[in-house]
Asker: 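I have a structure here, written as structure tokens, and I will follow up with some questions on it.
Values reported hereafter were calculated over all heavy atoms of this structure, with side chains retained and with hydrogens, waters and symmetry mates removed. Residue numbers run from 1 in the order of the sequence given. The model shown is predicted, which means the values in this text are computed figures rather than measured ones.
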Amino acid sequence: MEEIKEVSIKSSEDIILARQAAREMAKRLGFGLADQTRITTAVSELSRNIYLFAGTGRLVIKALSQSNRKGMEIVAEDRGPGIPDIELAMQDGYSTNKSLGQGLPGTKRLMDEFEIKSEVGKGTAVTIRRWLR
């Protein structure tokens with residue numbers, strides 16, 4: 001049975017709900033505490049980005065099973081302003097909101113797989129995956 005959880009991001013409280021949903025699924029799938037923390041930190045960052053830059057969006061959290069490995073996939077998507085320069089946005093220290101500029105590159109470092117697609121005026125989709133070891 002495929003396990004999928006969707007969380008709409010419309011308020012700062014939804015960031016907490018997204019973190020909880022990701023942590024619960026990670027725990028059920030057998031991720032250790034360190035990986036649960038990595039996953040919830042990444043989810044927190046992506047949810048916060050949706051809330052701050054797009055206003056609304058959603059996270060889809062999904063259990064993965066491929067061949068003999070298991071993991072999680074999180075897709076964060078919005079219909080916000082988009083990212084005009086993804087390469088620049090992925091550089092450590094780059095920020096458009098006076099933060100430390102560690103969000104997206106930090107999220108990439110926390111996960112096993114990271115993909116980002118964005119189109120100015122249409123929105124952004126970030127897909128991250130973490131595999132059980």
Side-chain angles (χ1 to χ4, degrees):
M1 184 166 114
E2 194 171 30
E3 187 176 359
I4 298 175
K5 176 79 176 173
E6 183 174 328
V7 180
S8 294
I9 306 296
K10 297 175 276 188
S11 70
S12 59
E13 289 79 18
D14 294 329
I15 297 168
I16 297 166
L17 295 176
R19 287 177 54 96
Q20 290 171 340
R23 182 177 298 275
E24 287 169 13
M25 187 180 291
K27 190 184 279 188
R28 272 196 309 278
L29 292 172
F31 283 98
L33 187 57
D35 275 337
Q36 290 174 37
T37 302
R38 288 181 184 99
I39 292 166
T40 54
T41 300
V43 164
S44 183
E45 180 61 31
L46 297 178
S47 301
R48 187 176 301 110
N49 281 353
I50 289 172
Y51 179 65
L52 288 176
F53 298 109
T56 63
R58 71 179 187 148
L59 260 77
V60 178
I61 304 165
K62 182 176 167 183
L64 297 177
S65 182
Q66 290 182 354
S67 300
N68 59 351
R69 65 182 187 164
K70 291 183 178 180
M72 282 180 67
E73 176 182 86
I74 295 110
V75 178
E77 54 189 15
D78 65 66
R79 296 182 186 265
I83 301 171
D85 188 337
I86 291 175
E87 190 174 321
L88 183 60
M90 292 303 298
Q91 291 181 8
D92 282 319
Y94 176 77
S95 173
T96 58
N97 70 340
K98 300 180 181 175
S99 69
L100 295 175
Q102 300 294 314
L104 286 174
T107 298
K108 183 177 181 179
R109 285 189 291 271
L110 290 170
M111 303 303 284
D112 294 320
E113 298 174 29
F114 179 97
E115 300 162 17
I116 184 168
K117 296 178 183 170
S118 188
E119 191 171 343
V120 173
K122 295 196 174 185
T124 300
V126 179
T127 302
I128 55 176
R129 292 180 197 91
R130 184 84 183 168
W131 297 100
L132 273 168
R133 292 175 169 76

Asker: Working to the nearest 0.5 angstrom, can you tell me the gap between L46 CG and D78 CG?
Answerer: 10.5 Å
Asker: Using 0.5 Å steps for rounding, measure from the CD atom of Q91 to the CD1 atom of I86.
Answerer: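 Separation between the atoms: 13.0 Å.
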Asker: So F114 and L104, do their side chains get closer than 4.5 Å, heavy atoms only?
Answerer: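 Yes, their side chains come closer than 4.5 Å.
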Asker: Does Q66 CD have over 12 foreign heavy atoms under 6.0 Å away?
Answerer: yes
Asker: Is there a path from L59 to L64 through hydrophobic residues (I, L, V, M, F, W, Y) whose side chains come within less than 4.5 Å of each other?
Answerer: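 No, L59 does not connect to L64 through the hydrophobic network.
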Asker: Can you pull the side-chain hydrogen bond (donor to acceptor under 3.5 Å, both in side chains) pairs that have at least one residue in residues 45-60, sequence neighbours excluded?
Answerer: E6-R58, S44-R48, R58-E77
Asker: Whether E3 and R28 form a salt bridge (side-chain N of Lys/Arg under 4.0 Å from carboxylate O of Asp/Glu) is what I want to check.
Answerer: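 Salt bridge: yes.
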Asker: Identify the heavy atoms of G71 and L29 that sit nearest to each other, and give their distance.
Answerer: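 Closest pair (atom of G71, atom of L29, distance): O-CD1, 3.6 Å.
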Asker: What residues, two or more places apart in sequence or in another chain, satisfy salt bridge (charged side-chain N to carboxylate O under 4.0 Å, His left out) together with K70?
Answerer: none
Asker: Output the distance between atom CD1 (I61) and atom CD1 (I74), rounded to the nearest 0.5 Å.
Answerer: 6.0 Å
Asker: Hydrophobic clusters here meaning ILVMFWY residues chained together by side-chain heavy-atom distances under 4.5 Å, can you tell me if L17 and M25 are in one?
Answerer: yes
Asker: Roughly how far, to the nearest 0.5 Å, is the NZ atom of K117 from the OG1 atom of T127?
Answerer: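 The OG1 atom of T127 sits 7.0 Å away from the NZ atom of K117.
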Asker: Determine whether M90 and V75 fall in the same hydrophobic cluster, where Ile, Leu, Val, Met, Phe, Trp and Tyr are linked whenever their side-chain heavy atoms lie under 4.5 Å apart.
Answerer: no
Asker: For S118 versus T124, what's the shortest heavy-atom pair and its separation?
Answerer: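 Closest approach of S118 to T124: OG-OG1, 2.8 Å.
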Asker: For residues 31-40, please give each side-chain donor-acceptor pair under 3.5 Å, one per line with the distance, not counting sequence neighbours.
Answerer:
| residue | atom | partner | partner atom | Å |
| --- | --- | --- | --- | --- |
| D35 | OD1 | R38 | NH1 | 2.8 |
| D35 | OD1 | R130 | NE | 3.0 |
| D35 | OD1 | R130 | NH2 | 2.7 |
| Q36 | NE2 | F31 | O | 2.9 |
| T37 | OG1 | L33 | O | 2.9 |
| T40 | OG1 | R23 | NH2 | 3.1 |
| T40 | OG1 | Q36 | O | 3.0 |
| T40 | OG1 | T37 | O | 3.1 |

Asker: Heavy-atom distance under 4.5 Å between the side chains of I83 and I116, does that happen here?
Answerer: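 In contact.
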Asker: Say you draw a straight line from CZ of R129 to CD of E115; how long is it, rounded to the nearest 0.5 Å?
Answerer: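 Interatomic distance, R129 CZ to E115 CD, rounded to 0.5 Å: 4.5 Å.
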Asker: Atom NZ in K122, atom CZ in R79: separation rounded to 0.5 Å?
Answerer: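 Here the interatomic distance stands at 10.0 Å.
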Asker: Run the side-chain contact (heavy atoms from CB on, under 4.5 Å) test on I128 and D112 for me, step by step, so that the C-alpha distance in whole Å, both residues' side-chain angles and the decisive distance to 0.1 Å come before the verdict.
Answerer: CA-CA 7 Å; I128 55 176; D112 294 320; over 6 Å; no
Asker: If you group Ile, Leu, Val, Met, Phe, Trp and Tyr by side-chain heavy-atom gaps below 4.5 Å, do V43 and L132 land in one group?
Answerer: yes
Asker: Please confirm whether the backbone N or O of S67 pairs with a side-chain atom of R69, one donor and one acceptor, at under 3.5 Å?
Answerer: no
